Amino acid sequence: MPETFRVGLLGHGTVGSAFEALLGERADAIEPIVGARPEISGVLTRSRGAFEEILESSDLIVELMGGVEPARDYVLRAMRAGRHVVSANKQLLSQHGEELWATAREHGVQLRFEGAVAGVVPVIRVLQESLAGAHIERVHGIVNGTTNYILTEMAASGISYETALAQAQALGYAEADPTDDVTGRDAAAKMAILARLAFSTPVHLDQVRYEGIEQITADDMAYAHDLGLGLKLIGTAERVGTGLNVRVHPAFLYAEHPLASIHGPFNAVTVESDAITEITISGPGAGGPQTASAVLGDVISAMIPPATTPETTQQLAIIEDVESAFYIHLEVADRPGVLAQIAEILGMQGASVKSVLQQGLGVNARLIMVLHPLLESRFYAALRLIGQLDFMRSPPRAIRVIDEEFT
Ligand SMILES: NC(=O)c1ccc[n+]([C@@H]2O[C@H](COP(=O)([O-])OP(=O)(O)OC[C@H]3O[C@@H](n4cnc5c(N)ncnc54)[C@H](OP(=O)(O)O)[C@@H]3O)[C@@H](O)[C@H]2O)c1
């Protein structure tokens with residue numbers, strides 16, 4: 001082992017600069033673990049550094065640029081040149097993971113990516129190593145800190161989505177352009193990666209259905225409170241028959257659910273399997289120093305012997321239609337027969353009602369219903385029909401409810 005090992009750093013933004021600082025601070029502690037002292041051998045940004053030179057002078061490459069290209073090209077070239085790579089890039093891995101992992105196996109190098117999902121929460125290691133032998137049934141996750149912060153603030157203070165988003169931006173929890181976070185796309189990328197590891201099946205970001213939180217209102221939060229529910233943006237990857245369903249959407253949770261108590265910018269992942277019952281791990285989901293800590297852990301692991309992401313061993317079909325319980329919010333004219341017509345449409349689609357709240361609003365009324373689980377395709381068929389009824393005063397709104405005891 002040489003006296004130093006050289007780390008080439010691609011990207012020097014929020015995480016890259018925090019990583020460089022942390023590596024400097026922790027070098028004394030890392031040296032006895034690895035048997036060599038880490039040093040940064042070169043940094044690439046849009047305005048400084050040259051990739052080929054950095055590659056030549058590095059034993060390992062850390063990719064913290066983000067985006068698909070040129071990150072994909074650099075990561076592939078580094079691995080083909082025999083370098084281990086550490087990345088926190090969920091967009092890249094959720095769209096080109098199979099190509100990248102295959103290249104790592106082919107060239108006998110490691111591609112580590114703990115920082116790509118749930119920041120510093122060590123969920124990748126848990127799935128790849130601790131639970132490598134478990135037959136996993138389901139993974140649930142709160143894997144986007146921005147949206148969890150917004151929903152937490154809406155629930156705590158009764159503020160609107162727009163106000164909570166502005167607050168998140170002011171505190172640095174949300175980007176100036178928060179689209180990927182609030183539409184659920186960021187969480188979908190992370191769930192694609194978790195599903196790939198948990199079920200050893202190739203899962204591409206395009207196969208993950210996602211909905212965001214832009215439609216959630218302060219009213220939903222108030223009714224949720226009355227019904228004893230909390231609202232979270234939940235990613236799910238689960239076996240359905242002989243296939244696999246991966247999705248992201250807002251969902252109500254009963255207070256006892258292990259994810260119901262995850263507040264603010266924290267992330268958490270719950271893994272369910274017959275043998276282990278259920279484990280939940282949680283912690284800070286993003287942030288420069290936090291993510292840098294996950295990246296540094298990967299660098300140290302890569303410098304001490306091997307771990308590769310094995311080939312997929314399953315080809316589970318991706319299932320689109322699953323059963324869910326729903327909350328629905330209807331603004332209707334307050335006249336006789338309204339509830340009966342709605343109940344008839346729901347009944348035709350096999351939906352059964354668990355609870356109903358009704359509130360008078362002068363000539364109109366608000367109906368809040370919670371339904372027992374039914375196939376989503378049948379639920380949305382009913383919702384479309386309800387939306388066409390002449391007494392509807394605004395489009396119906398629906399949010400899923402998660403609770404195992406509830407069924
Ligand atoms: N921020 C977080 O909390 C967090 C958490 C988990 C994972 N991540 C992931 O970590 C990665 C980095 O995120 P970040 O927040 O640190 O991003 P960032 O602040 O935008 O920094 C990106 C860095 O990459 C460089 N870069 C971008 N495109 C480049 C190109 N084509 N050629 C050369 N350099 C290029 C930028 O150069 P310039 O300085 O010249 O612009 C900048 O230094 C992303 O994959 C992100 O998803 C971030």
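This chain uses plain numbering: 1 for the first residue, then up along the sequence. Atoms within each ligand, like the ligands themselves, are counted from 1 in listed order. Note that the structure is predicted; figures quoted are calculated from it, not measured.
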(Q) With a heavy-atom distance limit of 4.0 Å, tell me whether Lys90 approaches ligand 1 through its side chain, its backbone, both, or neither. (A)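 It is the side chain that touches ligand 1; the backbone stays farther off.
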
Do other residues, nucleotides or ligands put more than 12 heavy atoms under 6.0 Å from the [atom1] atom of [X]?
| X | atom1 | answer |
| --- | --- | --- |
| Glu53 | CD | no |
| Gln215 | CD | no |
| His225 | NE2 | no |
| Arg366 | CZ | yes |
| Glu175 | CD | no |

Q. Does the side chain of Glu331 come under 3.5 Å of the side chain of Ser394 through a donor N or O and an acceptor N or O?
A.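 No.
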
Q. Would atom 20 (O) of ligand 1 count as contacted, meaning some protein heavy atom under 4.0 Å?
A.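 When distances to the protein are checked, atom 20 (O) of ligand 1 has no heavy atom within 4.0 Å.
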
Q. Could any protein non-hydrogen atom be found less than 4.0 Å from atom 17 (O) of ligand 1?
A.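 So atom 17 (O) of ligand 1 lacks protein heavy-atom neighbours under 4.0 Å.
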
Give me the nearest non-hydrogen protein atom to [atom] as residue plus atom name, then the distance to 0.1 Å.
| atom | answer |
| --- | --- |
| atom 48 (C) of ligand 1 | Val15 CG2, 3.5 Å |
| atom 35 (C) of ligand 1 | Arg46 CG, 3.8 Å |
| atom 5 (C) of ligand 1 | Thr291 OG1, 3.1 Å |
| atom 3 (O) of ligand 1 | Gly287 N, 2.8 Å |
| atom 9 (C) of ligand 1 | Ala88 O, 3.3 Å |
| atom 43 (O) of ligand 1 | His12 N, 2.8 Å |
| atom 22 (C) of ligand 1 | Met65 O, 3.6 Å |

Number the atoms of ligand 1 from 1 as they appear, then name those within less than 4.0 Å of a heavy atom of [X], with their elements.
| X | result |
| --- | --- |
| Gly66 | 44 (C), 45 (O) |
| Pro70 | 31 (N) |
| Gly115 | 6 (C), 7 (C) |
| Leu64 | 12 (C), 22 (C), 23 (C), 24 (O) |
| Ala286 | 3 (O) |

Determine yes or no for a side-chain-to-main-chain donor-acceptor pair under 3.5 angstrom, with [X] supplying the side chain and [Y] the backbone.
| X | Y | value |
| --- | --- | --- |
| Arg247 | Arg209 | no |
| His84 | Gln110 | yes |
| Arg83 | Ala81 | yes |

Q.
With a 4.0 Å cut-off on heavy atoms, is Gly119 in contact with ligand 1?
A.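 Flag not set, Gly119 not near ligand 1.
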
Q. With under 30° as parallel and over 60° as perpendicular, where do the rings of Tyr223 and His329 fit, or are they tilted in between?
A.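 Perpendicular, since the angle between the ring planes exceeds 60°.
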
Q: Could you tell me which non-hydrogen atom of Ala88 sits nearest to which non-hydrogen atom of Val295, and how far apart they are?
A: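 Scanning both residues, the minimum pair turns out to be CB-CG2, 4.4 Å.
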
Q: Using distance alone, determine whether Gly11 and ligand 1 share an N or O pair under 3.5 Å.
A: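 In this structure, Gly11 places no N or O atom under 3.5 Å from an N or O of ligand 1.
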
Q.
My understanding is that we take every heavy atom of each candidate and find the minimum distance to atom 34 (N) of ligand 1. Doing that for Thr45, Leu93, Leu10, which one comes out nearest?
A.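 Ranked by closest heavy atom to atom 34 (N) of ligand 1, first place is Thr45.
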
